[in-house]
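What follows is a short report on a single structure.
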Amino acid sequence: MSKGPQRIRGTQDIWGEEADRFQAVVAAFERIRRLYGFSRVETPVFEATAVFSRSIGETTDVVSKEMYTFEDRGGDSLTLRPEFTAGLCRAFISEGWQQLAPLKVATHGAVFRYERPQKGRYRQFHQLDAEILGSDSPLADVELLVLADQLLKDLGIAEGVTLQLNTLGDAETRDAWRAALVAHFESHRADLSEDSLARLDKNPLRILDSKDPRDRPAADSAPDIDAFLSHDARTFFDKVTAGLDAAGIAWERNARLVRGLDYYRHTAFEFVTDRLGAQGTVLAGGRYDGLVEALGGPHTPAVGWAAGIERLAMLAAAPAPAGIDAAIVPMGEAAESAAIGLVADLRRAGIACDMGYKGNMKKRMQRANASGARFAIILGDDELARGEAAVKNLVSGEQANVPLAGLAEAVRAR
RNA sequence: GCGAUCGUAGCUCAGUUGGUCAGAGCACCGGUUUGUGGUACCGGGGGUCGCGGGUUCAAGCCCCGUCGAUCGCCCCA
């Protein structure tokens with residue numbers, strides 16, 4: 001409540017244990033993406049606005065209301081990335097990555113959406129992202145899902161999280177299904193909520209997963225996509241589910257799972273938990289075979305997913321606090337001077353240690369204890385004269401004199 | 001963009017029907033004879049009660065506005 005500048009709505013200052021959890025999620029992702037042979041890529045935080053508006057659709061709410069768009073000094077319209085996929089597709093085109101296809105890439109970082117903040121939903125938030133560009137194989141879909149599954153298990157949050165899977169078919173299938181849905185909902189106009197009547201014009205698929213109980217009867221009785229699946233689309237979906245079964249991944253069909261944007265094809269999936277209120281989707285993605293082409297590139301089938309780091313961090317168990325190995329407690333100017341060298345040597349030897357900038361012994365010992373250090377290395381004139389330091393185990397309270405040369409070994413973490 | 005609830009020290013919160021109501025715990029800082037932390041004891045700093053109006057003799061407590069937070073809706077790339 002103090003005066004002075006305040007944090008911008010929907011942003012967060014992440015600190016302490018929360019920051020540790022955040023880092024733990026990123027570390028797990030980095031480790032696992034290597035296991036799957038995904039290359040790390042870095043792309044800009046902002047792009048030309050057209051990169052997003054052309055891929056998503058000029059008229060959607062997403063583009064018209066929910067992007068951070070601004071003009072730079074040259075008058076160009078720029079937008080802070082609201083997702084990774086479009087920027088990666090742009091890079092795929094402009095960097096000539098076509099020759100690397102199929103390209104398995106992973107990235108993570110901040111993304112920006114101008115939305116009302118609520119649980120697990122911020123204006124600047126952070127995502128993990130994994131994509132496979134340039135493959136039309138269902139094995140790519142499977143590999144991404146297995147990666148996602150391993151990540152969630154590694155983070156210890158697979159409990160209570162289910163993989164929901166659906167297919168949106170190919171273009172021909174999707175169009176046929178969409179027409180059937182519109183016909184179905186038109187005949188139930190009187191039963192639909194106001195929101196869904198609006199969806200009927202703009203985005204009829206979205207009626208299927210409406211939360212309004214008034215919509216459920218019509219939504220539940222609506223035709224599934226299955227009857228409209230072309231042979232190819234059916235075969236593709238079967239190969240995805242067979243691949244998941246072969247990899248031992250539990251999944252469930254959710255025929256009501258849809259995507260808001262038109263470029264999605266075939267596989268759509270979400271890992272969902274019931275532990276985050278209305279924001280229960282923890283990781284989501286799908287196949288977007290038309291996106292690269294929409295950006296002016298060659299026809300490039302692709303599939304990918306993104307996951308909110310904050311949401312994952314909220315669900316993950318708190319990592320063990322990372323205390324340092326040792327705190328150096330010098331007494332007197334001569335000792336402090338010698339300790340500067342000692343700290344440097346210990347750190348070069350890979351020992352995590354720290355020394356306060358000031359304070360008497362008592363104060364330094366208090367700080368050492370609070371820091372979670374396993375040892376205090378006490379260095380006074382007496383010890384210095386003998387070429388030793390007193391090493392105190394802060395857990396057991398035991399203390400022993402150790403030659404300076406043997407300090408690193410004495411406090412090395414197991 | 002819409003709705004509901006909420007907004008008191010760094011944190012978690014008390015503050016009765018408006019009249020010592022500016023408090024507690026934790027945290028922080030200092031001390032309990034200056035070479036030993038974690039437990040204990042003593043002391044201290046810190047809040048114009050989100051902000052701005054209004055009602056009243058009197059408002060943290062009532063009313064309006066505003067900003068922010070939380071939860072939900074819309075949207076969800």
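Every chain is numbered from 1, with letters handed out A, B, ... down the list of sequences.
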What's [X] touching, base or sugar-phosphate or nothing? Going by heavy atoms closer than 4.0 Å.
X	result
A:Leu394	base
A:Gln12	nothing
A:Tyr114	nothing
A:Gly304	nothing
A:Val395	base

Centre of A:Phe38's six-membered ring, under 6.0 Å away, within 45 degrees of the axis: is that where NZ or CZ of A:Arg33 sits?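 That pair does not qualify as a cation-pi contact.
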Measure [atom1]/[X] against [atom2]/[N] and give the value in whole Å, please.
X	N	atom1	atom2	value
A:Arg214	B:rC74	CZ	P	11 Å
A:Tyr122	B:rC71	OH	C1'	13 Å
A:Met365	B:rG35	CE	P	13 Å
A:Glu115	B:rC2	CD	C1'	15 Å
A:Gln399	B:rG38	CD	C1'	15 Å
A:Arg113	B:rC76	CZ	P	11 Å
A:Arg121	B:rC74	CZ	C1'	9 Å
A:Leu80	B:rA77	CG	P	19 Å

Please give the nucleotide sitting opposite [N] as a Watson-Crick or G-U wobble pair, both distances under 3.5 Å, or none.
N	result
B:rU34	none
B:rG72	B:rC2
B:rA14	none

N/O (side chain, [X]) to phosphate O (OP1/OP2, [N]) under 4.0 Å:
X	N	answer
A:Lys392	B:rU36	no
A:Arg9	B:rA69	yes
A:Arg364	B:rG37	no
A:Arg367	B:rC29	yes
A:Lys362	B:rG35	no
A:Lys363	B:rG30	yes
A:Arg199	B:rC74	yes
A:Asn203	B:rC76	yes
A:Arg7	B:rC67	no
A:Gln118	B:rU70	no

For the side chain of [X], starting at C-beta, report the closest nucleotide among [options].
X	options	value
A:Arg116	B:rC2, B:rC75, B:rU36	B:rC2
A:Asp195	B:rG35, B:rC73, B:rC76	B:rC73
A:Arg206	B:rG35, B:rG37, B:rA77	B:rA77

Closest-nucleotide ordering on RNA chain B, the 5'-leading residue of A:Gly10 and A:Gly260: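 It is A:Gly10 whose nearest nucleotide is closer to the 5' end.
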Between A:Asp382 and A:Lys211, which residue's closest nucleotide on RNA chain B lies nearer the 5′ terminus?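 Looking at the nearest nucleotide for each, A:Asp382 comes out on the 5' side.
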Pair [X], [Y]: side-chain N/O donor-acceptor within cut-off below 3.5 Å:
X	Y	result
A:Glu310	A:Gln12	yes
A:Arg253	A:Asn166	yes
A:Gln366	A:Lys363	yes

Between B:rG60 and B:rG7, how far apart are the P atoms? Round to whole Å, please.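 Taking atom P in both B:rG7 and B:rG60, they lie 15 Å apart.
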With rounding to whole Å, what would you report as the distance between B:rU32 and B:rG38 at their P atoms?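 The same atom, P, in both gives a distance of 14 Å.
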When you check the gap from the basic side-chain N to the acidic O, do A:Glu194 and A:Arg214 get nearer than 4.0 Å?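 Answer for the salt bridge query: yes.
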A:Asp72 side chain to A:Gly74 backbone, donor-acceptor under 3.5 Å: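 The answer is yes, because a donor-acceptor pair under 3.5 Å joins these two groups.
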Can you check whether A:Ala368's main-chain N or O pairs, donor with acceptor, with A:Ser371's side chain at less than 3.5 Å?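 Yes.
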Can you find an N or O donor on one side and an acceptor on the other, under 3.5 Å apart, linking the side chain of A:Asn369 with the base of B:rG37?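 Yes.
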Would you say OH of A:Tyr114 has more than 12 non-hydrogen atoms from neighbouring residues, nucleotides or ligands within 6.0 angstrom?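 Atom OH in A:Tyr114 is not crowded, with 12 or fewer foreign heavy atoms closer than 6.0 Å.
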